Asker: 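Supplied in structure tokens, the structure appears directly below.
Keep in mind that what you see is a predicted model, and the values were worked out from it rather than measured. Along the sequence shown, residues carry numbers from 1.
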Amino acid sequence: MIPDKILYTDGHDVTVTESTFQVRQTAYELRGITKFGLLIRRPDRLPGLILLLVGLVVLLVGLMNFITPSMIADVRIGDSMVSANTIAIWTGVTLTLVGVISMIAVRERYSVRIATAEGEKDAIVSTKREYISQIVDALNRAVNYLQYNSTGTRYLNSTK
């Protein structure tokens, strides 16, 4: 039996041959993959947005002096007295900055999404689009490289 030709490998986790797609310890037969493609996974920015909004509300409460000394007494920090409104301003600024930074820090991720008889799954996920595109291109070449006749045996596609 002739060993499969390697069409793509990243040298570590992913190998695409004429008949298989291997990710780490899991091998998928190309015959069993009904469809595949690049999936863009949008990041969840909701936690950052919530922090940003809460920070802005707390900041406005402090700036508008809504906290009266009868509600919360001034606090001694070191040798000085600090009002609750000043603490609210600093807390609001901090929460707003953390919210903005967290919304900027989360990135899109990309995955090779495959569909098999077991269902759809993301075979490999990365923040690098080019890496995932290379794997999808290799899978396209592998599918086009081989054809299956009516008995299910494979033969080389002589038109390529």
Asker: Any chance you could lay out the side chain to side chain contact (heavy atoms under 4.5 Å, CB included) test for L30 and T20, step after step, and finish with the verdict?
Answerer: CA-CA 5 Å; L30 290 182; T20 60; 5.7 Å; no
Asker: Using modelled atom types and a 3.5 Å cut-off, is there a donor and acceptor pairing between side-chain atoms of T96 and backbone atoms of L53?
Answerer: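 Pair absent, no side-chain N/O of T96 close to backbone of L53.
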Asker: Indicate, with yes or no, if V54 and V98 share a hydrophobic cluster defined by side-chain heavy-atom contacts under 4.5 Å among Ile, Leu, Val, Met, Phe, Trp and Tyr.
Answerer: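 Cluster IDs for V98 and V54 match.
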Asker: Side-chain heavy atoms nearer than 4.5 Å, only ILVMFWY residues, links allowed to pass through others: does that put M64 and M71 together?
Answerer: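 In one cluster: yes.
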Asker: Mind checking whether I132 and I40 sit in one hydrophobic cluster, side chains of I, L, V, M, F, W, Y counted as touching below 4.5 Å?
Answerer: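 As far as the 4.5 Å side-chain criterion goes, I40 and I132 are connected within one cluster.
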Asker: Side-chain heavy atoms nearer than 4.5 Å, only ILVMFWY residues, links allowed to pass through others: does that put L46 and L51 together?
Answerer: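 Yes, it is one cluster - the side chains of L46 and L51 are joined through contacts under 4.5 Å.
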Asker: Under a 4.5 Å cut-off applied to non-hydrogen side-chain atoms, are F36 and N140 in contact?
Answerer: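 Yes - at least one pair of side-chain heavy atoms lies under 4.5 Å apart.
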Asker: Looking at side-chain heavy atoms only, is the closest gap between P43 and E108 below 4.5 Å?
Answerer: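 Yes - at least one pair of side-chain heavy atoms lies under 4.5 Å apart.
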Asker: Just by distance, do the side chain of T116 and the backbone of E118 share a donor-acceptor pair under 3.5 Å?
Answerer: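 It does hold such a pair.
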Asker: Is there a path of hydrophobic side-chain contacts, each under 4.5 Å between heavy atoms, that joins V58 and I50?
Answerer: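 V58 clusters together with I50.
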Asker: Can you check whether L7's main-chain N or O pairs, donor with acceptor, with R141's side chain at less than 3.5 Å?
Answerer: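 Yes: the side chain of R141 pairs with the backbone of L7.
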Asker: Mind checking whether K35 and E120 have side chains closer than 4.5 Å, heavy atoms only?
Answerer: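 Yes, their side chains come closer than 4.5 Å.
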Asker: Where the side chain of D44 meets the backbone of P47, is there a donor-acceptor pair that is under 3.5 Å apart?
Answerer: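 Such a contact is absent between D44 side chain and P47 backbone.
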Asker: What verdict does the side chain to side chain contact (heavy atoms under 4.5 Å, CB included) test give for R129 and L38, after you've listed the backbone C-alpha separation in whole Å, the side-chain angles of each residue and the deciding distance to 0.1 Å?
Answerer: CA-CA 9 Å; R129 183 180 185 128; L38 183 143; 4.3 Å; yes
Asker: Checking side chain to side chain contact (heavy atoms under 4.5 Å, CB included) between F21 and each of T15, V112, V143, T26, which is the one that passes?
Answerer: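 Only one option passes, and that is V112.
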